[in-house]
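Everything numeric here is computed off the predicted structure, so don't read it as measured data. The figures that follow rest on heavy atoms only: side chains count, while hydrogens, waters and symmetry mates do not. Residue numbers start from 1 in every chain, and the chains themselves are labelled A, B, ... in the order their sequence lines are given, proteins ahead of strands.
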Number of protein chains: 2
Amino acid sequence: MGAFFKIRKGIVAVSHTLEDGRRQITALRAPGDCVGYLEKDGVYAFEGEALTDVEACAFDRRRFDDFVSVQPDLAAALVEALSSALKQSGMLSLVLGQLRSTERVAHFLAEISALYAERHVSLARPLTLHMGRSEIADYLGLTIETVSRSIGKLKSRGIIATVESGEVVILDDQRLREAGKVSR
Amino acid sequence: MGAFFKIRKGIVAVSHTLEDGRRQITALRAPGDCVGYLEKDGVYAFEGEALTDVEACAFDRRRFDDFVSVQPDLAAALVEALSSALKQSGMLSLVLGQLRSTERVAHFLAEISALYAERHVSLARPLTLHMGRSEIADYLGLTIETVSRSIGKLKSRGIIATVESGEVVILDDQRLREAGKVSR
DNA sequence: CGGATGGTTTGATATCGATCAAGGACAGGC
DNA sequence: GCCTGTCCTTGATCGATATCAAACCATCCG
C-alpha cells in the first residue's frame with residue numbers, strides 16, 4: 001500500500017493482464033532497479049511477479065517523495081532510473097512491433113545475457129534464464145510453441161545450444177546479436 | 001546537440017528505425033510533453049518527427065540538469081513526466097504484444113481521442129488524426145492495408161465513420177473503448 | 001518399478017495479417 | 001480539361017504464427 005521496492009537480489013517481471021487472460025510482460029527488472037513506482041492512490045499501473053527468490057528494500061512512497069524533494073542526488077538517481085526504464089520500454093515496443101519470432105527470441109537471449117552480466121545475476125555459463133517458455137512467450141508476444149521452435153532454429157544454426165535442465169549456451173555472440181537486430 | 005524540447009503546440013512522433021528500414025513509432029507526444037530527454041553524449045536514443053506544425057521550447061540539457069538539482073519542483077515535474085511516459089510505453093507494449101489488428105486500431109482511435117481532448121489539441125469533432133495510414137501502421141506494428149481494413153471493419157460495425165478528408169467521427173465511444181480493450 | 005504430473009518439443013492444420021497487384025479519389029500543375 | 005503523383009481502398013494469394021493435438025521427458029511419489 002503506497003510502497004515501492006528497490007531490488008537487491010533476484011529478477012522481477014512487470015506485467016499487465018487483460019480481462020480475457022492475455023498477458024504482456026512489459027519489463028524485466030534486475031538488482032538495482034525499482035518496481036512499483038507507477039502507483040497512484042494505491043493503484044499500481046502494472047503487476048509484478050518474482051521470477052526467482054527476490055530480496056528488496058521497501059520504501060514508503062509518500063515519505064520517499066518528500067525526501068527526494070530535499071535530496072538532489074536522490075532525485076537525479078530517480079530520473080536516471082526512469083530514463084533507463086523508458087528507453088528499455090521503447091526498445092521492447094520496437095521488438096514487439098517489428099521483429100519476427102526468431103528475431104525476437106534472439107534479441108531476448110542477447111538482452112538477458114547482457115542484463116545478467118551487467119547486474120551480476122550469475123556470471124556463470126551456461127546461462128540460466130529463470131523464465132519458463134510461458135514467461136518468455138508473454139514477454140515476446142508469442143506462444144510457447146513458437147518460442148520453442150525459434151530456439152530450435154537458433155540451435156540448428158549453431159548460434160546457441162541448450163543443456164539439460166534448460167540452460168542456454170551462447171555459442172556465437174556476434175551472430176546472436178545480429179539475429180536479434182541489436183548489433184549496433 | 002545536447003538539447004531537448006518541451007512541446008507547446010503540435011504533435012510529435014518518437015520512433016526508432018532498423019537498418020533494413022522497418023520503423024516503430026514508440027510514442028506520440030502532445031503539448032506539455034517533452035521530447036529528446038533520452039540523450040547521452042549527443043546521441044539520442046530515438047528519433048522525433050513532427051506530425052503537425054510544432055512550437056516548442058528548447059532547453060540545454062546540461063544547464064537544465066544543473067537547474068533541476070536546485071529546483072525541487074522542477075525535479076518533481078520531470079519525474080512525473082517520465083513516469084507518465086513510462087506508463088504509456090508499457091501500455092503500447094501490451095497493445096503490440098497482445099492485441100489483434102482491429103483491436104489495435106480501436107485502441108489507437110480511443111487513445112488519440114482522449115489525448116487530443118485532454119491536451120486541447122482540437123476539441124472539434126470530427127477528429128483529425130494528423131497521421132496518415134503509414135504513420136498509424138508504424139505505430140501499431142501493422143501494414144497500411146491492414147490499418148485500412150481494420151478501419152473499414154469498425155465502420156461496418158457502426159462504431160466510427162469517416163468524413164471526406166479522412167477525419168474520423170466516433171459514433172459509439174463505449175463500444176470503441178471495448179473493442180480497444182481499454183474499457184476499464 | 002510404475003504411474004502421475006508439469007514443462008517442453010514436435011507435428012498437422014487453420015487463421016490472421018503481409019504481400020502483391022489494381023483500382024479509385026483527390027490535389028496540384030500545365 | 002487532362003495529366004501526374006500521392007494516398008487510400010479493395011481484392012487475391014502467400015506465409016508466418018497461432019491453434020489443436022500428441023508425444024516426449026524429466027521429476028516426484030506411491
Side-chain angles (χ1 to χ4, degrees), chain A residues 13 18 20-24 49 51-52 95-109 126-157 160-169 179-181, chain B residues 13 18 20-24 49 51-52 95-109 126-157 160-169 179-181:
Chain A
L18 295 173
D20 58 19
R22 284 178 278 176
R23 180 178 77 142
Q24 178 64 43
E49 176 194 358
L51 297 178
T52 64
V95 167
L96 295 174
Q98 302 301 325
L99 301 193
R100 36 190 72 277
S101 61
T102 306
E103 293 173 336
R104 292 189 210 184
V105 171
H107 181 97
F108 165 75
L109 292 173
L127 186 62
T128 305
L129 299 180
H130 296 123
M131 297 169 76
R133 296 290 178 269
S134 171
E135 275 90 31
I136 300 173
D138 284 350
Y139 183 51
L140 296 178
L142 301 169
T143 59
I144 57 175
E145 294 94 333
T146 299
V147 170
S148 180
R149 282 186 248 264
S150 292
I151 288 176
K153 276 181 198 165
L154 293 172
K155 285 206 286 191
S156 72
R157 287 199 230 155
I160 63 169
T162 54
V163 185
E164 77 298 345
S165 66
E167 284 137 334
V168 172
V169 183
K181 308 283 169 181
Chain B
L18 295 173
D20 57 19
R22 283 178 279 177
R23 180 178 75 141
Q24 179 65 42
E49 176 193 358
L51 297 179
T52 64
V95 168
L96 295 174
Q98 303 301 326
L99 301 193
R100 38 186 77 281
S101 61
T102 305
E103 293 173 336
R104 291 189 210 185
V105 171
H107 181 98
F108 165 75
L109 292 172
L127 186 63
T128 305
L129 299 181
H130 296 123
M131 296 169 76
R133 296 290 180 267
S134 172
E135 275 90 31
I136 300 174
D138 284 350
Y139 183 51
L140 297 178
L142 302 169
T143 60
I144 57 173
E145 293 95 332
T146 298
V147 170
S148 181
R149 281 186 250 263
S150 292
I151 288 177
K153 277 182 202 166
L154 293 172
K155 285 206 287 190
S156 72
R157 287 199 231 157
I160 62 169
T162 54
V163 185
E164 77 298 344
S165 66
E167 284 138 332
V168 172
V169 184
K181 308 282 168 182

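Rounded to whole Å, atom P of D/dT10 lies 13 Å from atom NZ of B/Lys153. We find that CD of A/Glu164 is positioned 16 Å from C1' of C/dG7, with the value rounded to whole Å. The separation between B/Glu103 atom CD and C/dC16 atom C1' is 12 Å, rounded to whole Å. Rounded to an integer number of Å, the gap from CD of A/Gln98 to C1' of C/dG17 is 14 Å. Atom P of nucleotide C/dG17 and atom CG of B/Leu140 are separated by 12 Å, given to the nearest angstrom. The interatomic distance linking A/Arg104 (CZ) with D/dA18 (P) rounds to 8 Å, in whole Å. The nearest whole Å value for the distance from the CD1 atom in B/Ile144 to the P atom in D/dT6 is 13 Å. Atom CZ in A/Arg133 sits about 19 Å away from atom P in D/dT19, given to the nearest Å.
OP1 or OP2 of C/dG17 has not a single side-chain nitrogen or oxygen of B/Thr146 nearer than 4.0 Å. Contact check, B/Thr143 against C/dG17: no side-chain N or O comes under 4.0 Å of OP1 or OP2.
Within the 4.0 angstrom heavy-atom criterion, only backbone atoms of the sugar-phosphate kind lie near B/Leu142; the bases stay farther away. B/Glu145 comes within 4.0 angstrom of a base, heavy atoms only. Base contact: A/Arg149 has a heavy atom under 4.0 Å from a base atom. Among the protein residues, A/Ser101 comes within range of the sugar-phosphate backbone only, with heavy atoms under 4.0 Å from sugar or phosphate atoms but none that close to a base.
Paired with B/Ile136 under the rule side-chain contact (heavy atoms from CB on, under 4.5 Å), one option of B/Leu142, B/Thr146, B/Ile144, B/Leu129 passes, and it is B/Leu129.
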Is there a side chain to side chain contact (heavy atoms under 4.5 Å, CB included) between B/Ile151 and B/Arg133 once you walk through the steps?
CA-CA 10 Å; B/Ile151 288 177; B/Arg133 296 290 180 267; 3.6 Å; yes
One pair to check against side chain to side chain contact (heavy atoms under 4.5 Å, CB included): B/His107 and B/Leu140. What are the steps and the verdict?
CA-CA 10 Å; B/His107 181 98; B/Leu140 297 178; over 6 Å; no
Please determine whether side chain to side chain contact (heavy atoms under 4.5 Å, CB included) holds for the pair B/Asp20 and A/Lys181, giving the CA-CA distance in whole Å, both sets of side-chain angles, and the decisive distance to 0.1 Å.
CA-CA 10 Å; B/Asp20 57 19; A/Lys181 308 283 169 181; 3.7 Å; yes
Passes side chain to side chain contact (heavy atoms under 4.5 Å, CB included), A/Leu99 versus B/Leu18? Steps please.
CA-CA 10 Å; A/Leu99 301 193; B/Leu18 295 173; 3.6 Å; yes
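Looking at the side chain of B/Arg100, the nearest of the listed nucleotides D/dT9, C/dG17, D/dT17 is C/dG17.
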